[in-house]
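To keep things clear, I will list the structure first and then write my remarks on it.
Scope of the values below: all heavy atoms of this structure, side chains included, with no hydrogens, waters or symmetry mates. Here is how names work: the chains are called A, B, and so on, in the same order as the sequence lines, proteins then strands, and each is numbered from 1.
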Amino acid sequence: MHKRFDHQAIESKWQEKWKENGLYDAGERDDNKEKEYVLVEWPYPSGNLHIGHWYAFAVPDIYVRYKRMLGNQVLYPMGFDAFGLPAENAAIKHNLNPREWTEKNIEYMRSQLDSMGNAFSWDKTTSSTDPEYYKWTQWMFTEFFKNDLAYRGEAIVNWDPIDNTVIANEQVLPDGTSERSGAIVEKKKMPQWMLKITDFADDLIDDLEDLNWPEHIKDAQRNWIGRSEGAEIDFELSFGQKVTVFTTRPDTLFGATYMVLAPEHELVQKYKDDIANWSEVEAYIEASRQKDERDRQDNTKEKTGVKLEGVSATNPASGEEIPVYIADYVLAGYGTGAIMAVPAHDERDFAFAQKFGIEVKQVVAGGEELPYAGMGTLISSGKFDGLSSEEAKENIVKEVGGRMTNTYRLRDWSIGRQRYWGVPIPIVYDPEGKAHPVPEEHLPWTLPEDVDFKPTGEAPLAKSAELKARTEEIFGEGWTPEVETMDTFVDSSWYFLRYLDNQNKDNLVSPEAQKSWMQVDMYFGGAEHTTMHLLYSRFWQKALHRLGLVTHNEPYLKRANHGMILGPDGNKMSKSKGNVVDPDEQVKSVGADTVKLYLAFMGPYEDNSYPWDPNGVVGLRRFLERVYGLGEHIAQEESEEMTSLLHKTIKKVRYDIAEFKFNTAISAMMVYVNKAEKENLTKESYLTLVKLLAPFAPHLTEEIWSVYDLEGSIHSSPYPEYDESLARDKEVTIGVQINGKMRGEITLSPTASEGEALELVKKVDVLMARLHQKEIMKVIYVPGRILNLIVKE
RNA sequence: GCCCAGGUGGUGGAAUCGGUAGACACGAGGGACUUAAAAUCCCUUGCCUUUCAAACGGCGUGCGGGUUCAAUUCCCGCCCUGGGCACCA
C-alpha cells in the first residue's frame, strides 16, 4: 500500500530550515576536507524557470549532495548572466529600464530556484550586471588592452540586421543566420574591438590533451580552431610586387599553373593601374561583395572569377610565367587571402581551370584520374622527381625560400556590440582619436542611464550626455568615450573565478581563494556551448594566466554536456507548439523531489535528448510513496538476502552516481524497495536506504530522518558504505549452453568448481534429455558466468 | 565531402571485463477491491509457428560478412538518424 505524503508542506518546511541554517553555504575553506568545485552554467534571468533549468541544475545536485555526504567541502554556486538583449527588448516593449526588469526577474527566479531544493552555495553568488562584478570585467579588458591582447582593428564583421549589432563568428550558424535572432547575417567592414584568441590557438588545441573531457567535445574544439599545417610561399608578380600564398601541399608547387587572389585582397586595389581590364575586375569585386555569406559559401555553384589582364606571376619552382585571377572561392580572411592553384591535385582548382581553359599539369603520380588530391611520388618536378609527397614538402619550401607554418580557421573574437544593456567598453579617446584605457580608479565605468536605447544601428551610448560629460570632466575637453558595450560571452568567460571571492573589493579574485577552490572539478552544461562559451572561457583563463593574474592555465578539469528535455510530442518545447511543460505546475502537483527524480531517471546524464512523459513522472512519485510507506515493514530482523541486497545496492548506487548514471542508481534502489516490500527490513536498513536516496530526494528523506528523531540534517550525515563480503553473492544462477545455445540454468556458488557444476547439470532433466547418448567433447566453464558444453551432434 | 556520437520490445531505457539480451519504469491486457470511478494490490506482457494451454520449437540488439565454445559488446563493408565543420587552399 502506498503511503501518500504532503509534498508541499514537507518541501517548503525543509527549504526554509535549510536556508535559515545556511546548510549549503560553502563557507570558509576547511583544509581538512577535500574540496569539490561543481559548476553549472549560470542562467539568463528571463523571468521564468523552465524545465531545462531543472535538468541543468537539479540533476547535478545529486552529484553535489553525494560528494557532500562523502565528506567533501563542496562549492556549488549559482548566479545570473544578466546582461543581454532580451532585457533590452523587454524594456523597449514595456517602456521601462532593463535594470528594473532584470532585478525583478532575478528576484523571482531566485524563489523558483529555491523551490528546487538544491544545495546551492548561495553565499558565493554573483551577477554579471552588478557593478562590483563588471568593474572587474572592465579591469581585465584594460589589462588585455595594455598587453596587446585587446585591440581595435578594421575587420570584416558579421552584422545582424534584426538585433542591429555586430556578432562574433561563433554566433553565426552554419546556414549563415544569427544564433540569436535568426536573421541572415550580413558582412560589413568596420572598426572593431577584438580579443586575440588566435594568439592562443595552439595552446587551446594542445592543452586539451590533459583535460578529462569527453573526446567528442575536444574534437569539436579542435575542429573549430581548425589548425592546418602547411607553408607560406612567395610568388613574384610581373610588376615586382611579392604575393604570399598559403598551401598545405607545397609538394605540388611545380603543378601550380595559375594563382588566385581573393577579391578583397589589398594588392588588387593597390595595383589597379597595372590591370588592363580594371573595369571588368572592379565589377566582379562589387558583385562578390553583394553576395551574402550563404551564396558565397555554396560550393555546389559553378566557380566564377576574372583574369587580371596584364598581370602575371612567376612560379618560384618551375620559373614559369602563370596567369593571375581573382575569384571568390578564395577567402580574404583565411590563410593569406591568396593561393597557388594546382588544378591537377585540387578539386576546386581543377573545376576552375576547366572553365577558364587553364593548363593542368600533373606532378604527383598516384590516382588514376585527375584531379588527384592524395599523396604520391613526384613527377615533372625537376630534381625532386621520385621523392614522396611527404619528403618533398619541406625540401621544396626550402628551395624556394618559403617557410613551414600553420594557419587556423579560428578568427579573433570581436566583442563590440552596438547595443545598450551590456558592459561599457572602458576606453576613452583623446582629441587625436587615440584610445586610452579608463584607469582602475574610475572603474566601474558605469553604464549611463540617460539613454534612449531603441535600436537604430548606432550604438545607444553615443546618445548619453552623462557619459560624454563624465569623460570630459575626468579626462579633459575634447576627449570622447567609447560607446560600444561588450558581448555577453565576455561576462560568462570568468564567472567561475568571481564565485570564489564574490565579496572581494580589491581584486577580481584573491590568489588564496584560487588556491582553495580552483580548478573547477566538474562542469555540467549544454552542448550548444562547445565552441562558444567553453572556448572563450578557456581563452580568457589562458590570457589571464599569461599576464600572471591567475594561478591556473585551464579552468575546467572535467566536463559533461547534457541534452535537452523535449515536449511530450518529441519536439523541442515551444509556446507555439503548445508542448511546454511548466516545472512550477509539476512541483505543485507531484513535488520537487519527484520532478528531480524523474529527470534523473529518464536516461544517462549525457548529450542526449529525452521527451517528457507525463505518465513517467507518476511512476517516480509512486516510488517515493513506497519508500515512505516502507517504514511499516520494519521488523526486528531481516533475511540474509535482504542484507546482501542492501549492500549490493549501496555499491551500485555509489558507483553509478560517480559515473553520472543516475538512472541505473535509481533503478537499483527500486529493486531493493520492491523486495523489501515483500519481506521485512530492519530499522537500520531502512534508514540506510533513506540516506542512499537522500541526494535524489532531499526533502522527503530529510522528513523521514526527522520522524525518526535523528540528529542534525540527513544531508550532513555520512553516505552509506558497503561491506564487500556482504555485497557478494553466495549463490548465482548461471546459464547452461549446449553448443553455444542457451538450454537451461543451474544455481551454484560463484566459486564452485567445474566438477560441481557438471554434477548439478545431471539434476536438470531438460539438459540431460538433450545430452542423452551424446559425447561431451569440451567444457567451457566460467565461474559465476556460464557453462557451455560442446557435444558431438 | 571531412570529423564525432548513436541505431536494442508499443515507449524511455538496462546489460560495468566477450558470458542467461530486454533490469527498472511507463504503457497495454486480465483479475481483486468499489454502487461506480480514481487510487491501490495481484498476474501477464520481445516477436513468430503450432497449441485448450504450452515448449524441452524457431527467430531476435539497423543491414551483410567475419573472428570466437560464446558477439548488443571485437573486426571488415554498408545503410540510416543526430551533432560539428566545410570553396579553409
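- For the pair A/Arg743 and B/rG57, the criterion of a side-chain N or O lying under 4.0 Å from OP1 or OP2 is met.
- One can place CG of A/Leu620 at 15 Å from C1' of B/rG27, the figure rounded to the nearest angstrom.
- Nucleotides B/rG64 and B/rU72, compared at atom P, are 14 Å apart to the nearest Å.
- For the C1' atom pair drawn from B/rC78 and B/rG84, the interatomic distance equals 23 Å after rounding to whole Å.
- Looking at A/Lys652, its side chain comes within 3.5 Å of the base of B/rU16 through a donor and an acceptor atom.
- Listed pair A/Tyr329 / B/rA89 fails the phosphate criterion, with no side-chain N or O lying under 4.0 Å from OP1 or OP2.
- Contact between the side-chain N/O atoms of A/Ser228 and the OP1/OP2 oxygens of B/rA89 is found at a separation under 4.0 Å.
- At whole-Å resolution of the value, CZ in A/Phe356 and P in B/rC87 are 19 Å apart.
- A/Lys218 has no side-chain polar atom (N or O) that falls below the 4.0 Å cut-off from OP1 or OP2 of B/rA5.
- Side chain of A/Thr257 to main chain of A/Glu359: a donor-acceptor pair is present (N/O by atom type, distance under 3.5 Å, no hydrogens or angles).
- What separates CE of A/Met742 from P of B/rG60 is a distance of 15 Å, to the nearest Å.
- Comparing the C1' positions of B/rC33 and B/rU40 gives an interatomic distance of 9 Å, to the nearest angstrom.
- Residues A/Asp569 and A/Asn579 have side chains that bring a donor and an acceptor to within less than 3.5 angstrom of each other.
- Looking at A/Thr407 and A/Ser228, their side chains never bring a donor and an acceptor atom within 3.5 Å of each other.
- Here A/Arg622 reaches the OP1 or OP2 of B/rC26: one of its side-chain N or O atoms lies under 4.0 Å away.
- Annotation: B/rC17 and B/rG65 have their P atoms spaced 29 Å apart (nearest Å).
- For a distance-only test at 3.5 Å, the side chain of A/Asp219 fails to qualify as a donor-acceptor partner of the base of B/rC4.
- At a cut-off of 3.5 Å, with distance as the only test, a side-chain donor of A/Asp349 or A/Tyr329 sits close to an acceptor on the other residue.
- Every stem involving RNA chain B, taken as at least 3 paired positions in a row under the Watson-Crick or G-U wobble test at 3.5 Å, is listed here: B:1-7 with B:79-85, B:10-12 with B:24-26, B:27-32 with B:40-45, B:46-48 with B:57-59, B:62-66 with B:74-78.
- The stretch residues 665-675 of chain A comes close to RNA chain B through A/Ser667, A/Met670, A/Val671, A/Asn674, each having a heavy atom under 4.0 Å from the strand.
- Nearest nucleotide to the A/Thr733 side chain, out of B/rU20, B/rG13, B/rG58: B/rU20.
- You'll find the ring centres of A/Tyr605 and A/Tyr55 inside the 6.0 Å limit.
- Listed nucleotides: B/rG19, B/rC85, B/rA14. Nearest to the side chain of A/Ile780: B/rG19.
- Within the 4.0 Å cut-off from OP1 or OP2 of B/rA25, not a single side-chain nitrogen or oxygen of A/Asn663 is found.
- For A/Tyr610, the listed nucleotide lying nearest its side chain is B/rG12; candidates were B/rA70, B/rC88, B/rG12.
- Among B/rC85, B/rG13, B/rC87, the nucleotide with an atom closest to any side-chain atom of A/Pro604 is B/rG13.
- For B/rA5 and B/rA89, the P atoms lie 22 Å apart once the distance is rounded to whole Å.
- Between A/Asn739 atom CG and B/rU20 atom C1' there is a gap of 17 Å when expressed in whole angstrom units.
- Aromatic rings from A/Phe623 and A/Phe601 are positioned such that their centres are separated by 6.0 Å or more.
- Between B/rG27 and A/Asn615, a contact under 4.0 Å exists linking OP1 or OP2 to a side-chain N or O.
- OP1 or OP2 of B/rC4 has not a single side-chain nitrogen or oxygen of A/Arg222 nearer than 4.0 Å.
- Here the side chain of A/Glu745 is nearest to one of B/rG12, B/rU20, B/rG84, namely B/rU20.
- For A/Asn788, the side-chain atoms get nearest to B/rA70 when compared with the rest of B/rA89, B/rG12, B/rA70.
- Listed nucleotides B/rC69, B/rC59, B/rA5 differ in distance to A/His216; the shortest reach to its side chain belongs to B/rA5.
- When the C1' atom is compared between B/rA15 and B/rA32, the two are found 35 Å apart, to the nearest whole Å.
- When the C1' atom is used for both B/rU50 and B/rU35, the distance is 45 Å, rounded to whole Å.
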